[in-house]
Amino acid sequence: MDTLDCSCRGPLLLHEANMVIDSLKRDIRRLTNDLVRKDTLISVYSSTLRAQAQSRIDMSFQAKFPEEPASTSQPACSTPQQSQPWTEVVARRQRGVLRKFSPPPFNLSNRYSVLADSNVADPAHAIPLPPQHRSAEQSRPTAPPPKPPAPRRVARERPRHPPSSTRPVAVLVGSSMVRHVTLPRSETWCLPGARVEDVQTRVPEVVEQHPTASTIVVHVGSNDIRLQQSEKLKSDFTSLIQTILATGKKCIVSGPIPSVCFSDMQFSRVRQLHAWLVGHCSRERVPFVDNFGSFWRRRSLFARDGRHLNRAGASLLASNLELALEAHHTPR
């Protein structure tokens with residue numbers, strides 16, 4: 001009887017165990033999704049808090065050390081100002097007779113032969129020199145002809161690719177934001193006006209030109225923000241990362257930089273792209289460089305147009321990328 005009961009309860013217990021296992025799997029998936037979402041929120045909030053702290057530090061520094069007002073004094077000039085016209089001075093005598101004084105006359109005749117017209121055919125029309133200057137002028141040696149200006153040296157354009165003796169370990173590919181960015185043992189490919197899909201089409205050429213490079217760093221996306229196509233931009237980034245990984249190279253994604261001249265809509269799209277890249281790179285196990293907090297509201301890092309980086313901004317971006325390369329690069 002006991003044997004019969006055990007044989008009947010066996011399938012029931014197995015069914016209950018399978019139900020418990022399925023429930024645990026669902027809980028694990030739910031908890032995993034919650035952890036990914038919370039990691040994304042923590043990354044966004046931390047970058048925002050870091051930027052706010054930097055802004056408060058800048059405001060406190062400006063409050064303690066205000067800029068000196070520009071001097072209102074007129075700059076010194078070696079050119080004398082135009083003299084005022086002559087005025088008549090009236091002197092009053094005892095008997096009330098008025099007398100006007102005029103400035104002394106000046107001799108405006110030409111005293112030097114070098115100012116005379118050399119093409120005058122008739123010597124009678126030439127202006128003679130005074131006696132006290134005639135001997136000195138005649139004895140003055142003839143000045144040598146001026147030397148021709150030396151040819152200006154034109155600097156040669158820097159080669160696009162390094163010589164064959166160098167072996168770069170990484171290649172930085174991006175838009176005009178990386179124009180002045182240089183990394184050690186790396187080559188920079190600057191593609192002005194490039195979008196994400198343009199960089200994807202150049203990946204095979206980069207791999208062919210630099211077979212020794214084991215890592216490709218991409219910094220692109222600012223020109224795609226103006227198109228206002230968020231879903232297409234996400235799809236292009238996904239294809240770009242898959243294309244680089246398919247070549248056997250490592251991929252590092254440099255996050256977007258919030259320009260100081262962006263409108264409210266463009267800033268909102270840049271922030272959404274930053275948050276999406278944080279989560280997507282985390283799921284794909286691709287290193288991500290956070291540039292949002294480093295450049296937010298820092299006008300001194302941008303050029304006059306407010307969109308491109310100046311030398312200081314390029315140096316800061318190079319430091320961020322260099323740290324990422326050192327942390328994720330494995331020598332071959």
Side-chain angles (χ1 to χ4, degrees), residues 1-53 170 196-197 199-200 203 214-221 224-225 228-256 258 267-294 296 320-321 323-332:
M1 189 67 179
D2 294 339
T3 305
L4 183 61
D5 292 339
C6 292
S7 61
C8 293
R9 292 177 60 187
L12 181 61
L13 293 176
L14 181 61
H15 179 68
E16 292 178 355
N18 290 332
M19 292 179 62
V20 172
I21 291 173
D22 294 339
S23 177
L24 291 176
K25 288 183 179 180
R26 287 193 299 270
D27 291 341
I28 290 173
R29 285 194 296 267
R30 179 176 54 81
L31 292 175
T32 303
N33 294 332
D34 291 342
L35 287 176
V36 172
R37 185 173 65 256
K38 290 180 180 180
D39 288 341
T40 304
L41 293 176
I42 289 174
S43 301
V44 174
Y45 291 155
S46 62
S47 61
T48 304
L49 291 176
R50 192 185 311 112
Q52 292 178 355
V196 178
E197 56 185 0
V199 175
Q200 182 181 357
V203 169
S214 61
T215 306
I216 298 179
V217 185
V218 292
H219 182 92
V220 69
D224 299 79
I225 296 295
Q228 300 182 6
Q229 299 177 358
S230 301
E231 297 302 324
K232 182 178 183 303
L233 180 56
K234 295 177 183 179
S235 176
D236 292 343
F237 261 111
T238 303
S239 301
L240 173 61
I241 294 174
Q242 295 299 331
T243 302
I244 295 176
L245 296 179
T247 61
K249 308 292 184 180
K250 297 180 181 179
C251 177
I252 296 180
V253 177
S254 178
F267 178 80
S268 176
R269 291 183 179 275
V270 168
R271 189 169 182 176
Q272 292 177 2
L273 176 62
H274 170 80
W276 179 83
L277 283 174
V278 170
H280 182 72
C281 292
S282 176
R283 290 189 295 270
E284 297 292 334
R285 299 183 181 275
V286 173
F288 177 77
V289 182
D290 187 358
N291 298 315
F292 199 92
S294 302
W296 186 41
N320 294 346
L321 298 179
L323 292 176
L325 284 173
E326 292 178 356
H328 301 282
H329 174 68
T330 302
R332 307 182 80 179

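Only a predicted model underlies this, so the values are computations on that prediction, with no experimental measurement involved.
In this structure the side chain of V44 never reaches within 4.5 angstrom of the side chain of V278, judged on heavy atoms. Side-chain contact check for I252 versus I216: every heavy-atom pair is 4.5 Å or farther apart. Between T40 and S282 the shortest side-chain heavy-atom distance does not fall below 4.5 Å. Residues S239 and Q242 fail the side-chain proximity criterion, which asks for heavy atoms closer than 4.5 Å. For the pair V270 and F292, the minimum side-chain heavy-atom distance is below 4.5 Å. Using a 4.5 Å heavy-atom threshold, the side chains of K234 and Q272 count as separate.
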Checklist entry - Does the side-chain contact (heavy atoms from CB on, under 4.5 Å) test come out yes or no for L240 and V203, once each step is laid out? => result CA-CA 9 Å; L240 173 61; V203 169; 4.0 Å; yes

Item to check | Derivation and outcome, side-chain hydrogen bond (donor to acceptor under 3.5 Å, both in side chains), residues R271 and T48 | outcome: CA-CA 10 Å; R271 189 169 182 176; T48 304; 3.1 Å; yes

Next on the checklist: For a salt bridge (Lys or Arg N to Asp or Glu O under 4.0 Å) check, start with the C-alpha distance between K38 and D34, then their side-chain angles and the critical distance, and finish with the verdict.
Outcome noted: CA-CA 6 Å; K38 290 180 180 180; D34 291 342; 5.9 Å; no

Checklist entry - What's the verdict on side-chain contact (heavy atoms from CB on, under 4.5 Å) for L273 and D224, showing C-alpha distance, side-chain angles and the deciding distance? => result CA-CA 11 Å; L273 176 62; D224 299 79; over 6 Å; no

Item to check | Chi angles and distances behind the side-chain contact (heavy atoms from CB on, under 4.5 Å) call for H280, T238 | outcome: CA-CA 8 Å; H280 182 72; T238 303; 3.7 Å; yes

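Across every non-hydrogen atom of V289 and A324, the tightest pair is CG2-CB, 3.6 Å. Pairing each heavy atom of S294 with each of D290, the nearest pair is OG-O, 4.2 Å. Nearest approach of R269 to Q229, heavy atoms of both residues: NH1-N, 4.4 Å. In this structure, C251 and V286 approach most closely via the heavy-atom pair O-CG1, 3.2 Å.
Residue pairs meeting the salt bridge (charged side-chain N to carboxylate O under 4.0 Å, His left out) criterion with at least one member in residues 11-27, sequence neighbours excluded: D27-R30.
For the atom pair L325 CG and N320 CG, the distance stands at 11.0 Å (nearest 0.5 Å). Expressed to the nearest 0.5 Å, how far OG of S268 lies from CD1 of I225 amounts to 10.0 Å. Note that CD of E197 is 10.0 Å distant from CG of L233, once rounded to the nearest 0.5 Å.
Residues T243 and Q200 bring a donor and an acceptor atom of their side chains to less than 3.5 Å of each other. Checking N291 against S254 by side-chain atom types alone, a donor-acceptor pair falls below 3.5 Å.
Side-chain atoms of S46 come within 3.5 Å of backbone N or O of I42 as a donor-acceptor pair.
Screening W296, F288, F237 for a ring-ring contact (aromatic ring centres under 6.0 Å, His included) involving H274 leaves a single residue, F288.
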